[in-house]
Amino acid sequence: MSTAGVEPMAAGATALAAADGPLAAARHQLATAARELGLSDGLHELLATPRRSLTVSVPVRRDDGEVEVVEGYRVQHNYSRGPAKGGIRFHPDVDLDEVSAMAMLMTWKSALTNIPYGGAKGGVAIDPRTTSPPELERLTRRYVNEVLPLLGPEKDIPAPDVGTDEQTMAWILDTFSVNAGFSVPGVVTGKPVSLGGSAGRAGATSRGVADCALWWLERQGIAPRGATVAIQGFGKVGAHAARYLHDAGLRVVAVSDVHGGTFCAAGLDPTLLLDHLKEAGRVNDFPGGEPITNAALLAAEVDVLIPAALSGAITAENADAVRAGLIVEGANGPTTPAADAILRDRGATVIPDILANAGGVVVSYFEWVQNMQSLSWSAEEVFRRLRITMRKSFSEVVDRAGDRDVDMRHAAMAIAVERVADAHRSRGLYP
Ligand code: NAD
């Protein structure tokens with residue numbers, strides 16, 4: 001047992017039950033891959049531990065003049081294969097454990113899709129829904145100022161995540177550039193197209209999620225037309241995934257957000273739902289559906305379930321109730337290790353987060369490549385390259401899973417961890 005909390009390589013029921021926090025769950029997945037790849041204890045420990053973690057106090061001046069101090073984080077898990085890369089989350093429950101876990105997932109995601117990045121993540125423990133736009137701007141700029149020494153287009157490149165968007169990225173770009181004394185578009189991705197953002201970035205994660213679902217259905221000989229899907233989380237990832245799958249012929253029978261869900265056996269129209277969400281701020285009172293709870297959505301009788309909200313949505317407590325044969329992880333870490341084992345025993349297929357939602361980081365990489373070369377690709381070019389990259393990764397995972405008789409998460413993790421381990425071995429240990 002290492003000092004860094006590295007899980008021993010045995011994976012019994014006790015280890016599974018203990019692995020329910022986000023970082024413990026991420027380390028559990030790593031331990032499984034490390035065992036399969038025969039990694040040395042030292043390399044395993046190195047990969048189980050973030051390379052850099054910065055915790056900052058962010059004072060934010062509220063609109064009434066009061067000052068409140070909130071905690072922020074930026075964690076760089078690994079940058080052996082290239083600059084650290086990962087989103088920034090604004091959510092009241094953000095903590096160092098969760099940010100560290102998500103930074104680790106980013107390392108695997110970059111490695112799995114074979115883009116030259118490491119993994120990072122940031123977060124601020126604030127609720128953007130109760131924070132006004134001017135407060136959010138002040139908060140973002142002050143947070144960036146506190147983590148500034150870590151950032152840079154060749155060091156660490158943030159992107160949007162839960163609670164942040166294009167506007168947040170524009171403020172980050174501006175704050176970084178003002179400090180640098182010149183404009184640095186490559187310091188963030190997911191920014192507005194007017195500032196060097198890429199065509200096609202907004203829907204990239206969702207396209208990857210939808211394509212993974214469609215490629216799997218195709219392999220199973222299930223026609224998309226008439227197949228059913230339920231989606232938890234109707235935000236940047238879930239809403240567009242609903243649209244793409246609806247356009248491909250699937251029936252989107254249930255979607256939800258933090259307030260609850262809406263269900264219609266005949267199928268919901270995602271475009272009408274989006275219009276409703278813009279007006280009402282929630283989906284559970286959509287006139288074209290019946291209200292359902294998030295718990296009922298996860299248990300819906302559907303072909304495909306897409307958790308696209310927060311981590312830890314499918315747990316040992318509710319995994320038994322999941323009826324879907326295919327779970328496509330739009331969110332990061334939505335399935336706990338114990339839930340994963342239950343789903344596997346039931347014969348359900350899980351397309352893991354580091355594959356299913358990698359479309360976002362892939363197009364972020366394309367955005368950064370365009371920025372570094374002062375180029376601008378068309379949306380068609382971006383989508384063509386995205387599909388090639390995602391399809392290659394999907395095939396590699398499916399092939400390895402078939403060859404080794406393991407599930408897709410094990411296969412994806414083994415491919416990713418092997419690539420990062422190879423980079424470490426080639427670079428050697430300094431000094
Ligand atoms: P978002 O903030 O745009 O949307 C999140 C959605 O989840 C909202 O509909 C929200 O109401 C809902 N939600 C929040 N808490 C919930 C709860 N307890 N129960 C049910 N629904 C809840 O965020 P997003 O960018 O769509 O990200 C969603 C997930 O996808 C996160 O796990 C994120 O890390 C992951 N992800 C996002 C991207 C990206 O490009 N945005 C890329 C990869 C992974």
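Indexing begins at 1, ligand by ligand and atom by atom, following the structure's order. Each residue takes its place number in the sequence, starting with 1. Source: prediction; values computed, not measured.
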**Report entry** Sub-4.0 Å atoms of ligand 1 with respect to non-hydrogen atoms of N357
**Finding:** 43 (C), 44 (C)
**Report entry** Trace of the salt bridge (Lys or Arg N to Asp or Glu O under 4.0 Å) decision for R138 with D63
**Finding:** CA-CA 10 Å; R138 291 193 288 272; D63 291 339; 2.9 Å; yes
Query raised in the report: Does K392 pair with E396 as a salt bridge, N-O distance under 4.0 Å?
Result: yes
Query raised in the report: Are K236 and D165 within salt-bridge range, i.e. N to O under 4.0 Å?
Result: no
Query raised in the report: Would one find an N or O of S256, backbone or side chain, under 3.5 Å from an N or O of ligand 1?
Result: no
Requested in this report: Mark yes or no for whether E135, through its side chain, and S132, through its backbone, hold a donor-acceptor pair below 3.5 Å.
Outcome: yes
Requested in this report: Identify the residue among L310, I354, D353 that makes a side chain to side chain contact (heavy atoms under 4.5 Å, CB included) with N332.
Outcome: D353
Requested in this report: Compare G330, A358, S206 and give the one whose heavy atom is closest to atom 30 (O) of ligand 1.
Outcome: G330
Query - Numbered atoms of ligand 1 (with element) below 4.0 Å of D257, judged on heavy atoms - result: 9 (O), 11 (O), 20 (C), 21 (N), 22 (C)
Query - N332-ligand 1 polar pair, N/O distance under 3.5 Å - result: yes
Query raised in the report: At what distance is the nearest protein heavy atom to atom 4 (O) of ligand 1, and which residue and atom is it?
Result: G235 CA, 3.3 Å
Query raised in the report: For ligand 1, does N294 get within less than 4.0 Å through its side chain, its backbone, both, or neither, judged by non-hydrogen atoms?
Result: side chain
Query raised in the report: Without hydrogens or angle criteria, can the side chains of T164 and D161 be said to hold a donor-acceptor pair below 3.5 Å?
Result: no
Requested in this report: Please determine if V258 has a nitrogen or oxygen closer than 3.5 Å to a nitrogen or oxygen of ligand 1.
Outcome: yes
Query raised in the report: Is a salt bridge present between E367 and K191, judged by a nitrogen-to-oxygen distance below 4.0 Å?
Result: yes
**Report entry** Selection from S311, G163, A309 by shortest heavy-atom distance to atom 32 (O) of ligand 1
**Finding:** A309
Query raised in the report: Charged N to carboxylate O under 4.0 angstrom, E137 versus R141?
Result: yes
Query raised in the report: In Å, rounded to the nearest 0.5 Å, how long is the span from CG of D211 to CZ of F394?
Result: 9.5 Å
Query - With Y73 via ring pair (Phe, Tyr, Trp, His ring centres under 6.0 Å) - residues at least two apart - result: none
Report summary line: shortest atom 9 (O) of ligand 1-to-protein heavy-atom contact is with F234 N, 3.0 Å
Report task. Pull out every atom of ligand 1 sitting under 4.0 Å from any heavy atom of A331, numbered as shown with elements. Result -> 29 (C), 30 (O), 32 (O), 35 (C)
Query raised in the report: Between D64 and R62, does at least one N-O distance fall below 4.0 Å, as a salt bridge requires?
Result: no
Report task. May I ask you to identify the nearest protein heavy atom to atom 26 (O) of ligand 1, giving residue, atom name and distance to one decimal place in Å? Result -> V237 N, 2.8 Å
Requested in this report: May I ask you to check if ligand 1 and K121 share an N or O to N or O distance below 3.5 Å?
Outcome: no
Query raised in the report: Does G360, backbone or side chain, put an N or O under 3.5 Å from an N or O of ligand 1?
Result: no
Requested in this report: Specify the closest pair of heavy atoms between P270 and A242, including all atoms of both residues, with the distance to one decimal.
Outcome: CG-O, 3.5 Å
**Report entry** Polar side-chain atom of D156 near backbone of L151 as donor-acceptor pair, under 3.5 Å
**Finding:** no
Report summary line: atom 39 (C) of ligand 1: closest protein heavy atom, distance to 0.1 Å, is T205 OG1, 3.5 Å
Requested in this report: Kindly say whether T271 contributes a backbone atom to a donor-acceptor pair with the side chain of R243 at under 3.5 angstrom?
Outcome: no
Query raised in the report: Among all protein non-hydrogen atoms, which one is nearest to atom 25 (O) of ligand 1, and what is the separation to 0.1 Å?
Result: K236 CE, 3.1 Å
Query raised in the report: Going by distance only, is there an N or O of M102 that falls short of 3.5 Å from an N or O of ligand 1?
Result: no
Query raised in the report: Under a 4.0 Å heavy-atom limit, does P334 contact ligand 1 with its side chain, its backbone, both, or neither?
Result: neither
Query raised in the report: Measuring from the heavy atoms of R89, does anything fall under 4.0 Å of ligand 1?
Result: yes
Query raised in the report: Tell me: protein heavy atom nearest atom 33 (C) of ligand 1, and distance?
Result: D161 OD1, 3.3 Å
Report task. Report, in ascending order of atom number, the atoms of ligand 1 lying under 4.0 Å from any heavy atom of L310. Result -> 15 (N)
**Report entry** Location of contacts on R201 toward ligand 1, heavy atoms closer than 4.0 Å
**Finding:** side chain
Query raised in the report: Is ligand 1 under 4.0 Å from a heavy atom in the side chain of V162, in the backbone, in both, or in neither?
Result: both
